[in-house]
Asker: 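Take a look at this one; I'll ask things after.
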There are 2 protein chains.
Amino acid sequence: MLLNTVSTDHLDASDIKANCASCNLRELCLPVGLNEDEIEMLGEVVSRKRRIQRGEYLYHAGSDFQSLFAVRNGFFKTCLLHEDGRQQVVGLHMRGELLGLSAISAEAYTCDAVALEDSEVCEIPFVKLEEITRIIPTLMHHFYKIMSCEIVKDHDVMLSLGSMKADERLAAFLLNLSQRFSRLGYSSLNFNLRMTREEIGSYLGLKLETVSRAFSKLQEEKILTVDNKYIQISDIKRLKSKIGISLCV
Amino acid sequence: MLLNTVSTDHLDASDIKANCASCNLRELCLPVGLNEDEIEMLGEVVSRKRRIQRGEYLYHAGSDFQSLFAVRNGFFKTCLLHEDGRQQVVGLHMRGELLGLSAISAEAYTCDAVALEDSEVCEIPFVKLEEITRIIPTLMHHFYKIMSCEIVKDHDVMLSLGSMKADERLAAFLLNLSQRFSRLGYSSLNFNLRMTREEIGSYLGLKLETVSRAFSKLQEEKILTVDNKYIQISDIKRLKSKIGISLCV
DNA sequence: CGGCTGGTTGATGTTACTCAACTCGCGTGG
DNA sequence: CCACGCGAGTTGAGTAACATCAACCAGCCG
């Protein structure tokens with residue numbers, strides 16, 4: 001198991017006032033579509049930046065829900081923990097994405113959020129966000145969209161878990177990552193995985209050995225090159241065809 | 001395949017003006033927590049009731065998103081369709097639940113919604129709903145909760161698909177149904193399934209034969225009695241222990 | 001150096017899928 | 001009326017896919 005320290009809730013040296021106006025995620029995160037004044041207002045609500053180290057928990061399942069978090073930098077997983085210690089990864093979250101949406105319904109976090117690398121988040125007290133969504137219709141609309149989008153993403157995962165074979169799931173997973181990296185301006189063909197084989201497996205409903213074998217299989221088929229966590233996609237067309245066509249067997 | 005007729009979009013004899021104030025789902029559906037005036041406003045927005053026959057589509061994946069739908073009576077499945085014709089059921093929806101939330105992000109429905117029995121829905125034009133959520137903070141808050149709840153439900157399904165065995169998945173599924181029936185005031189121990197073994201299988205990531213075998217197994221273990229679609233749970237404690245404990249093998 | 005974590009690969013076991021036969025209930029048409 | 005086909009469900013036998021168990025390697029850190 002990971003040797004995690006629980007993230008403390010007090011302000012420390014790593015806490016910095018956030019500023020949406022000057023943030024380079026303006027086009028991806030909550031501020032999408034807002035004018036300068038509105039972004040200023042949103043900036044007032046977004047209370048502060050917080051640094052979270054690799055392996056550290058941003059929040060724990062069951063703890064009191066106060067805030068959403070926007071990933072400003074880094075990579076997180078969210079996971080449900082069984083009584084027996086095994087975990088199901090239910091989400092992977094990168095720059096510009098919101099964490100904690102599932103907590104709104106229960107007024108407590110419903111899963112654990114763990115940093116997969118040293119990360120930075122902006123804390124967004126939900127009560128305040130709710131207030132200003134009333135004042136800024138664009139923001140409310142966008143927030144509805146973000147939540148809806150989360151549901152769509154979950155459906156995609158359900159599709160993958162429910163009706164794909166191991167290598168198809170991995171292909172779908174890699175294509176999804178590829179697309180998200182590309183949206184952030186990174187290469188869509190070469191990237192570093194932030195998570196272990198076990199975490200990928202947990203996300204895809206597979207054991208780590210199966211994930212490893214699926215990687216080897218895709219490599220044998222010359223679709224990609226794997227060097228530990230570094231992935232180079234060499235034939236994205238065939239990678240895509242894994243999802244669409246191999247289902248038609 | 002089902003011989004479905006596509007639901008038409010024009011008003012016909014089966015369309016009746018909806019009325020939230022007098023609806024017996026007030027405590028479950030959108031009106032939760034609203035006062036009389038607010039419910040009146042909401043009633044103005046909820047445009048009309050629509051009857052959907054068994055097998056009929058409420059909406060199709062890809063078609064223009066205009067409205068959410070509240071299930072007033074009956075039972076729906078939502079599903080994603082593969083190119084090869086196979087489908088993944090991503091949701092099952094009963095009285096008091098909202099349909100179409102995943103469409104908000106894309107401005108088009110992302111899945112098909114099909115009635116599993118003769119049903120009634122209230123149509124809620126989303127633009128109008130959005131307007132009044134600005135005016136009625138309680139409604140906005142509740143709508144956020146509903147969307148968040150949808151995400152939580154999806155996570156539960158992902159947990160089931162990703163890390164449970166066939167009979168555990170079925171147990172989790174039945175317990176979920178049981179709970180939802182009970183919330184609606186129906187028996188939590190005897191109920192009729194509205195869906196076929198194939199649809200259950202699609203929802204749980206299993207083949208219909210496997211679902212059938214899982215039912216037989218639970219019956220052999222004297223946990224429940226199966227008579228075609230009619231289920232009687234005779235030992236709910238052991239049914240529950242299927243999910244918690246058999247994971248610890 | 002030795003121990004640890006993360007990853008790969010092989011041999012074997014288990015689960016669920018596939019294919020097939022059969023039943024039951026229902027509706028249709030000769 | 002019964003024969004028939006059809007869809008839904010159950011059950012059995014054989015098989016494919018994934019899990020499990022185990023050995024091994026590489027990199028990292030104390």
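Only this structure's heavy atoms are used, side chains among them; waters, hydrogens and symmetry mates stay out. Everything numeric in this text was worked out from a predicted model, so none of it was measured. In the text below, chain A, chain B and the rest are named by the order of the sequence lines, each starting its count at 1.
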Asker: Taking donor-acceptor contacts at under 3.5 Å, does the side chain of E209(A) reach the base of dC18(D)?
Answerer: no

Asker: Using a strict threshold of under 4.0 Å (side-chain N to carboxylate O), is an ion pair present between E117(A) and R54(A)?
Answerer: no

Asker: Report yes if a side-chain nitrogen or oxygen of S212(B) is closer than 4.0 Å to either non-bridging phosphate oxygen (OP1 or OP2) of dT10(D); otherwise report no.
Answerer: yes

Asker: Do S67(A) and E123(A) get their side chains close enough for a donor-acceptor pair, meaning under 3.5 Å?
Answerer: yes

Asker: By the 4.0 Å heavy-atom rule, please label G201(A) as base, sugar-phosphate, or nothing.
Answerer: nothing

Asker: Among dC18(D), dT8(C), dG6(C), find the nucleotide with the atom closest to the side chain of T196(A).
Answerer: dG6(C)

Asker: Tell me the interatomic distance from N192(A), atom CG, to dG6(C), atom P, rounded to whole angstroms.
Answerer: 16 Å

Asker: Quick one: Q219(A) CD to dG7(C) P, roughly how many Å, whole number?
Answerer: 14 Å

Asker: Roughly how many Å is it from CG in L206(A) to C1' in dA16(D), rounded to a whole number?
Answerer: 15 Å

Asker: Rounded to the nearest angstrom, tell me the gap between atom CG in L218(A) and atom C1' in dG7(C).
Answerer: 16 Å

Asker: Taking the minimum atom-to-atom distance to the side chain of K165(B), which one of dA16(C), dC18(D), dT9(C) wins?
Answerer: dA16(C)

Asker: Do E150(A) and K153(A) meet the salt-bridge criterion of a basic N to acidic O distance under 4.0 Å?
Answerer: yes

Asker: If I take atom CD in residue E220(A) and atom P in nucleotide dG10(C), what distance separates them, rounded to the nearest angstrom?
Answerer: 9 Å

Asker: Looking only at side-chain N and O atoms, does T210(A) come under 4.0 Å of OP1 or OP2 in dA19(D)?
Answerer: yes

Asker: In this structure, how many angstroms lie between the C1' atom of dA16(D) and the NZ atom of K207(B), rounded?
Answerer: 13 Å

Asker: More than 12 heavy atoms of other residues, nucleotides or ligands under 6.0 Å from CD of E221(B): is that the case?
Answerer: yes

Asker: Test for a donor-acceptor pair under 3.5 Å between the base of dT18(C) and the side chain of R213(B), counting only N and O atoms.
Answerer: yes

Asker: Report the distance from atom CZ of R194(B) to atom P of dA8(D), rounded to the nearest whole Å.
Answerer: 17 Å

Asker: With sequence neighbours left out, write down each residue that passes side-chain hydrogen bond (donor to acceptor under 3.5 Å, both in side chains) with S212(A), or none if nothing qualifies.
Answerer: none

Asker: Return the 5'-most residue of the pair N228(A), D167(A) with respect to DNA chain D, ranking by each residue's nearest nucleotide.
Answerer: D167(A)

Asker: Given dG6(C), is OP1 or OP2 found less than 4.0 Å from the side-chain N or O atoms of K229(A)?
Answerer: no

Asker: Nearest whole angstrom, please: distance from the C1' of dA17(D) to the CZ of R169(A).
Answerer: 10 Å

Asker: Think S216(A) has a side-chain N or O under 4.0 angstrom from the OP1 or OP2 of dT9(C)?
Answerer: yes

Asker: Just to be sure I understand the rule, does L208(A) reach a base, reach only the sugar-phosphate, or reach nothing, if contact means heavy atoms closer than 4.0 Å?
Answerer: base

